[in-house]
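Throughout, residue positions are numbered sequentially from 1 according to the sequence presented.
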Amino acid sequence: MKAVLVLRALGLGDFLTALPALRALGTALPAHRRLLAMPAALAPLARIAGVADEIIDARPLAPLPPLAAPPAVAVNLHGRGPQSHRVLLATRPRRLVAFAHPDVPETAGAPVFRERDHTVQRWCHLLEAYGIAADATRLELLPPGGRLPAAPPAIACGATLIHAGAASGARRWPAERFAAVARAERGAGRRVILTGGADERPLALSIAHAAGLDEAAVFAGRTSVVELTALVAVAGRVVCGDTGVAHLATALRTPSVVLFGPISPALWGPPVDRPWHRALWAGRTGDPHAARLDAGLSMIGVADVLAALEGVVEAAA
């Protein structure tokens, strides 16, 4: 059987923003076996989304394991190249779908990477340049029913889910402000839960302590990616930074308030035509990988978040 190999060896948000493109490939190439090179930890979501027949565990820009046969088509949804292009070319595909790069002769005449494109639109535009129709609105993910982590379900259902962590200090809103939001949500009669990775559990516990929450409300460090997805699915609303959880909220249509700092929501934010998602941004850009809190992100106050939360709840209703 012919195969289409897709490279997207990145994180949770990267996978979710590629869903429209991945679905477009499945529609355009129904007779091809779909091989998706991505981190194995995210494989359960690819199966839930129905966008892959086989997952190839992959790390960013690392060589892929040997394939049974060269793919008929290799699609670079990872980046502009040249390194990612060469990872795919090493598999000897008959055809490469990728952005042009002057150091990769095989991409001569290919479409040009556009810096200002929203990441969802970027990959759709790439496919469209090769004659593959792509619908950028196909972002939804079905909730993984019955996969809540071990805890009384009432804690999570309808709760305000706060995800305080982020990949860098530049994108991490201060813990004391998240705690203030949690206290205000409790004061409004809403339950609050906290999520995060294993390395973010101390952060989540400190916020819980400052907000007067029981440790049972802290799910950070004790959820799989499917369990995290289930929590976002049953939550009443989500508050988080520019992280993968923001894209989970979009995919699951859970009302959300997303705090942007060094990167504009025009590049990574939720769809602007969905009023139950609100992106807060001070209009300043910076280094998303910096260790210190971004100056623009620091300009967003607790009152801004609480007002936005009321707005998305009303919009969802």
Side-chain angles (χ1 to χ4, degrees), residues 11-24 26-27 42 44-52 118-124 134-149 153-164 181 185 188 190-196 219 223-260 265-281 305-317:
L12 174 60
D14 302 284
F15 165 70
L16 294 169
T17 54
L19 280 179
L22 292 170
R23 287 172 169 146
T27 301
L42 299 177
L45 293 188
R47 297 190 183 98
I48 290 171
V51 294
H118 189 285
T119 187
V120 173
Q121 293 284 358
R122 174 176 296 135
W123 307 116
C124 291
D135 181 356
T137 67
R138 297 182 69 188
L139 291 163
E140 273 69 34
L141 194 67
L142 288 175
R147 297 299 297 271
L148 289 173
I155 293 178
C157 293
T160 298
L161 184 153
I162 293 177
H163 188 93
V181 170
E185 287 294 281
R190 293 192 274 262
R191 293 183 301 278
V192 176
I193 62 172
L194 299 162
T195 59
F219 289 86
T223 58
S224 67
V225 68
V226 175
E227 290 170 337
L228 174 61
T229 302
L231 286 173
V232 174
V234 301
R237 60 213 63 82
V238 169
V239 182
C240 63
D242 175 18
T243 67
V245 168
H247 298 288
L248 270 181
T250 294
L252 296 162
R253 301 179 73 90
T254 301
S256 63
V257 175
V258 186
L259 285 64
F260 283 83
L267 301 179
W268 282 92
V272 295
D273 60 345
R274 301 185 185 187
W276 56 92
H277 300 301
R278 188 73 57 83
L280 300 182
W281 185 52
V305 174
L306 295 176
L309 270 173
E310 291 303 320
V312 297
V313 170
E314 290 176 8

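The distance from atom CG of Leu228 to atom OG1 of Thr223, rounded to the nearest 0.5 Å, is 5.0 Å. Between the CG atom of Leu267 and the CD atom of Gln121 there is a distance of 12.0 Å, given to the nearest 0.5 Å. Note that CG of Leu45 is 6.5 Å distant from CG of Leu12, once rounded to the nearest 0.5 Å. Atoms CD1 and CZ, from Ile162 and Phe219 in turn, are 13.5 Å apart once rounded to the nearest 0.5 Å. In this structure, the separation between NE2 on His247 and CG on Leu141 is 13.5 Å, given to the nearest 0.5 Å. Put simply, CG on Leu42 and CD1 on Ile48 are 11.0 Å apart, with the number rounded to the nearest 0.5 Å.
Taking all atoms of both residues into account, the shortest heavy-atom contact from Ala136 to Cys124 is CA-SG, 3.8 Å. Taking each heavy atom of Trp123 and Ala21 in turn, the nearest pair found is CB-CB, 3.8 Å. Closest approach of Gly241 to Ala246, counting heavy atoms only: O-CB, 3.9 Å. The heavy-atom pair separating Gly269 from Phe260 by the smallest distance is CA-CZ, 3.5 Å. Closest heavy-atom contact between Ala230 and Pro144: N-CG, 3.8 Å.
When atom types are taken as modelled, the side chain of Thr254 and the backbone of Thr250 share no donor-acceptor pair closer than 3.5 angstrom. Side-chain atoms of His277 never come within 3.5 Å of backbone atoms of Val257 as a donor-acceptor pair (strictly under, hydrogens ignored). The closest donor-acceptor contact from the side chain of Arg278 to the backbone of Leu309 lies at 3.5 Å or more, if one exists at all.
Leu231 has its side chain within reach of Leu161: a pair of non-hydrogen atoms, C-beta onward, lies under 4.5 Å apart. With a 4.5 Å cut-off on side-chain heavy atoms, Leu22 and Phe15 count as touching. Considering only heavy atoms from C-beta on, Pro143 comes within 4.5 Å of Leu252 through its side chain.
In this structure Thr17 satisfies the side-chain hydrogen bond (donor to acceptor under 3.5 Å, both in side chains) test together with Arg8, sequence neighbours excluded. With sequence neighbours excluded, the residues forming a side-chain hydrogen bond (donor to acceptor under 3.5 Å, both in side chains) with His163 are Thr195, listed by chain and number.
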Determine whether Leu19 and Arg23 satisfy the following criterion, side chain to side chain contact (heavy atoms under 4.5 Å, CB included), listing intermediate values before the conclusion.
CA-CA 6 Å; Leu19 280 179; Arg23 287 172 169 146; 4.0 Å; yes
Start with the C-alpha distance between Leu280 and Val258, add both sets of side-chain angles, then the distance that settles side chain to side chain contact (heavy atoms under 4.5 Å, CB included), and finish with yes or no.
CA-CA 6 Å; Leu280 300 182; Val258 186; over 6 Å; no
Take Leu139 and Leu16 through the side chain to side chain contact (heavy atoms under 4.5 Å, CB included) test and state the conclusion after the steps.
CA-CA 7 Å; Leu139 291 163; Leu16 294 169; over 6 Å; no
Stepwise side chain to side chain contact (heavy atoms under 4.5 Å, CB included) check, Val120 with Trp268:
CA-CA 8 Å; Val120 173; Trp268 282 92; over 6 Å; no
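For residues 229-246, the side chain to side chain donor-acceptor pair (under 3.5 Å) pairs, not counting sequence neighbours, are Thr160-Arg237.
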